Amino acid sequence: MPLPKLIATDLDGTLLDPQGRLSERNQKALQAAREHGIVTLAVTARPPRAVYRVPELAGVLDGAICCTGAIWYDTATRTADLRHPLPLPTARELHDRLRDALPGALFAVETGQRQVAHSTHMQAGIHYGDPWTVLEPGADLLAHADTVAELVVRVPGSTGTAMHEATRHIDMPGVRLWHWGNFPEIECTAAAATKGKALAAWCAGRGIGPEGVIAFGDMPNDVSMLAWAGRSFAMAGAHAEAIAAATDRADPAAEDGVAKTIEALLDLQVG
């Protein structure tokens with residue numbers, strides 16, 4: 001089988017361990033891929049700062065697509081390009097509709113540079129989310145955000161699946177809602193901000209078609225990327241939607257599933 005031109009990988013639940021760290025094995029595998037002339041790209045819901053603050057990533061990535069496709073990030077220069085913001089009037093209407101559908105919900109706005117939130121609870125379970133601007137309860141969240149890469153809503157004690165069911169009726173033009181299975185959060189982006197569309201556009205600018213791409217992922221927001229790539233791997237334990245979209249399977253993130261797949265592809269000897 002010919003080598004791919006590009007490896008696209010999700011980060012959390014796919015390339016990184018549960019603590020948000022890059023293992024030595026994954027790091028070496030990605031570096032080996034680059035030495036074989038393969039471009040490596042992170043495609044993640046994380047904002048740019050949550051990529052560059054994992055220092056080991058900088059040396060093994062050629063770039064990153066962040067905030068589920070809203071931002072293109074140059075890892076070499078640490079410059080970010082917000083390509084698909086959520087318009088402020090749209091974000092405001094969406095905020096009101098989500099608040100009505102999800103009693104007790106907490107909200108935050110990801111601008112691409114920082115998060116603006118009403119509660120420090122929004123920081124729980126987030127790797128490298130700072131800087132944060134925490135407002136007084138009742139303050140106008142969107143009045144303190146100059147741009148909206150994502151609108152984030154969390155219901156403590158719930159699940160992403162339950163939140164998805166409670167908000168299924170919210171159908172706003174130009175908006176997508178993403179959930180994370182058991183994690184009690186939904187992220188809302190512009191409809192154009194999908195991993196699949198962003199990856200296709202990034203590759204088109206470099207003359208790479210889907211047949212030259214291998215992708216890794218584990219969650220519903222990875223589905224469009226996994227479906228677009230010529231070959232794709234859902235991690236063991238991935239969400240059912242990701243498994244259905246992928247052509248292949250990989251071992252769990254905690255067992256360096258991405259590295260094992262790359263090693264087999266490159267016929268590397270390990271140990």
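Bear in mind the structure is a predicted one, so any value in this text is a computation, not a measurement. We count residues from 1, following the sequence as given. The analysis underlying the following values was restricted to heavy atoms, covering all of them including side chains, and did not include hydrogens, waters or symmetry mates.
When ring centroids are compared, H118 and F107 stay outside the 6.0 Å threshold.
Formation of a donor-acceptor pair under 3.5 Å by the T90 side chain with backbone atoms of L86 is not found in this model. Side chain of R83 to backbone of A198: no donor-acceptor contact under 3.5 angstrom is found. Within the 3.5 Å criterion, the main-chain N or O of D74 finds no donor-acceptor partner in the side chain of R78. Checked by atom type and distance alone, the side chain of K195 pairs as donor or acceptor with a backbone atom of V43 at under 3.5 Å. The closest donor-acceptor contact from the side chain of T111 to the backbone of R114 lies under 3.5 Å. One N or O on the side chain of R34 and one on the backbone of G59 form a donor-acceptor pair closer than 3.5 Å. A donor-acceptor contact shorter than 3.5 Å is absent between the side chain of D267 and the backbone of A264. The main-chain N or O of V116 is never found under 3.5 Å from a side-chain atom of T133 such that the two would form a donor-acceptor pair. At least one donor-acceptor pair under 3.5 Å links the side chain of S232 to the backbone N or O of T247. A side-chain donor-acceptor contact under 3.5 Å links D222 to the backbone of D218.
For the residue pair T161 / T159, no side-chain donor-acceptor distance below 3.5 Å is found, with atom types taken as modelled.
For the atom pair CG (L142) and CG (D140), the distance works out to 6.0 Å, reported to the nearest 0.5 Å. Between atom OG1 of residue T40 and atom CD of residue Q31 there is a gap of 8.0 Å, rounded to the nearest 0.5 Å. Here R46 contributes atom CZ and C67 contributes atom SG; the two are 11.5 Å apart, rounded to the nearest 0.5 Å. The structure places CD of E255 at 5.0 Å from NZ of K260, a figure rounded to the nearest 0.5 Å. The line from CD1 of I214 to CG of L6 is 9.5 Å long, rounded to the nearest 0.5 Å. Once rounded to the nearest 0.5 Å, the distance linking CG of L16 with OG of S23 reads 9.0 Å.
Here the shortest heavy-atom pairing between N221 and A45 reads ND2-CB, 3.9 Å. Closest approach of L61 to T75, counting heavy atoms only: O-OG1, 3.3 Å. Residues L41 and A64 approach most closely at CD1-N, 3.5 Å, considering heavy atoms. Shown here for A166 and A101, the closest heavy-atom pair between the two residues is O-CB, 3.8 Å. Closest heavy-atom contact between G112 and P48: O-CD, 3.9 Å. Scanning both residues, K197 and R176, for their nearest heavy atoms gives NZ-NH2, 4.3 Å.
Side-chain atoms of L15 and L57, non-hydrogen and from C-beta on, do get closer than 4.5 Å to each other. Counting heavy atoms from C-beta outward, V109 and Q115 have side chains that stay 4.5 Å or more apart. Proximity of M235 to D251: side-chain heavy atoms (C-beta onward) are nowhere separated by under 4.5 Å. Proximity of S158 to L102: side-chain heavy atoms (C-beta onward) are nowhere separated by under 4.5 Å. Taking 4.5 Å as the limit, every side-chain heavy atom of I71 sits out of range of all side-chain heavy atoms of D81. Contact annotation: the side chain of V213 never approaches that of P4 to less than 4.5 Å [non-hydrogen atoms, C-beta and beyond]. The closest side-chain heavy-atom distance from I186 to T167 is below 4.5 Å. Looking at L106 and V153, their side chains never come closer than 4.5 Å, going by heavy atoms from C-beta outward.
More than 12 heavy atoms of other shown residues, nucleotides or ligands fall within 6.0 angstrom of atom CD in Q19. The environment of E241 atom CD is dense: over 12 non-hydrogen atoms of other residues, nucleotides or ligands sit within 6.0 angstrom. Within a 6.0 Å radius of CG in D146, other residues, nucleotides and ligands contribute more than 12 heavy atoms.
One hydrophobic cluster, built from ILVMFWY side chains closer than 4.5 Å, holds both V60 and V54. In this structure, F216 is not a member of the same hydrophobic cluster as I243, with clusters built from ILVMFWY side-chain heavy atoms closer than 4.5 Å. Using a 4.5 Å cut-off between side-chain heavy atoms of Ile, Leu, Val, Met, Phe, Trp and Tyr, with links allowed through other members, W228 and V223 fall into different hydrophobic clusters. A single hydrophobic cluster is not seen to contain both V152 and L141; linkage of ILVMFWY side chains at heavy-atom distances under 4.5 Å, directly or through other members, places them apart. Hydrophobic clustering, with ILVMFWY side chains joined whenever heavy atoms are under 4.5 angstrom apart, groups I7 together with V258.
R99 has a carboxylate O that lies under 4.0 Å from a charged side-chain N of D96, or vice versa, which qualifies the two as a salt bridge. Between D256 and K28 there is no salt bridge, since none of the side-chain N atoms of the basic residue sits less than 4.0 Å from a carboxylate O of the acidic one. Taking the charged nitrogens against the carboxylate oxygens, R25 and E263 do have a contact shorter than 4.0 Å, which makes a salt bridge.
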Note to self: Please evaluate residues D10 and T44 with respect to the criterion side-chain hydrogen bond (donor to acceptor under 3.5 Å, both in side chains), reporting the C-alpha separation (whole Å), side-chain torsions for both, the decisive distance (0.1 Å), and the verdict.
What the structure shows: CA-CA 5 Å; D10 172 50; T44 176; 4.6 Å; no
task = Apply salt bridge (charged side-chain N to carboxylate O under 4.0 Å, His left out) to the pair E165 and R168, showing each step before the final yes or no.
result = CA-CA 5 Å; E165 290 300 320; R168 188 185 291 273; 2.5 Å; yes
Q) Passes side chain to side chain contact (heavy atoms under 4.5 Å, CB included), I38 versus K5? Steps please. A) CA-CA 5 Å; I38 301 171; K5 294 181 178 179; over 6 Å; no
| task | Decide yes or no on side-chain hydrogen bond (donor to acceptor under 3.5 Å, both in side chains) for W178 and T68, but give the supporting numbers first. | result | CA-CA 9 Å; W178 309 97; T68 318; 4.9 Å; no
Working for side chain to side chain contact (heavy atoms under 4.5 Å, CB included), residues Y73 and T79
CA-CA 6 Å; Y73 174 60; T79 55; 6.0 Å; no
message: Please evaluate residues H95 and L151 with respect to the criterion side chain to side chain contact (heavy atoms under 4.5 Å, CB included), reporting the C-alpha separation (whole Å), side-chain torsions for both, the decisive distance (0.1 Å), and the verdict.
response: CA-CA 8 Å; H95 172 273; L151 178 66; 4.1 Å; yes
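Ring geometry for H239 versus H179: interplanar angle over 60°, hence perpendicular rather than tilted (30 to 60°).
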